[in-house]
Amino acid sequence: MLVSLVLVPLVLGVMQVALVMYVRSTLTAAAAEGARYAATLDRGPAAGVARTREQVDAAIAGRFAAATTAREGVVA
């Protein structure tokens with residue numbers, strides 16, 4: 001009984017950290033995919049944002065992509 005008071009919060013904490021890392025990794029991969037898609041011929045930032053939102057919707061809840069924006073930049 002005493003062990004469960006320490007073990008349960010520890011396990012739940014580890015699961016929460018794993019979930020946050022999964023969401024972060026998924027959003028990063030979706031943003032990279034959207035940027036690659038937008039960088040192809042005859043596509044612009046709006047197409048990249050749409051592709052990113054599609055990727056996020058397919059992997060996790062769409063609310064994570066609600067604030068997705070795009071802007072053009074220069075790669076050095």
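We use all heavy atoms of the structure for the numbers below, so side chains are in, but hydrogens, waters and symmetry mates are not.
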Which distance, rounded to the nearest 0.5 Å, do you find between the [atom1] of [X] and the [atom2] of [Y]?
X	Y	atom1	atom2	result
Leu7	Leu12	CG	CG	9.5 Å
Thr26	Arg24	OG1	CZ	12.0 Å
Glu54	Tyr37	CD	OH	7.5 Å

Over all heavy atoms of both residues, which pair between [X] and [Y] is shortest? Give the atoms and the distance, please.
X	Y	answer
Thr40	Arg43	OG1-NH1, 2.8 Å
Gly44	Ala38	O-CB, 3.4 Å
Val56	Ala61	CG1-O, 3.8 Å

Q. Are the side chain of Ser25 and the backbone N or O of Met21 linked by a donor-acceptor pair below 3.5 Å?
A. no

Q. Any side-chain heavy atom of Thr52 sitting closer than 4.5 Å to one from Leu27?
A. no

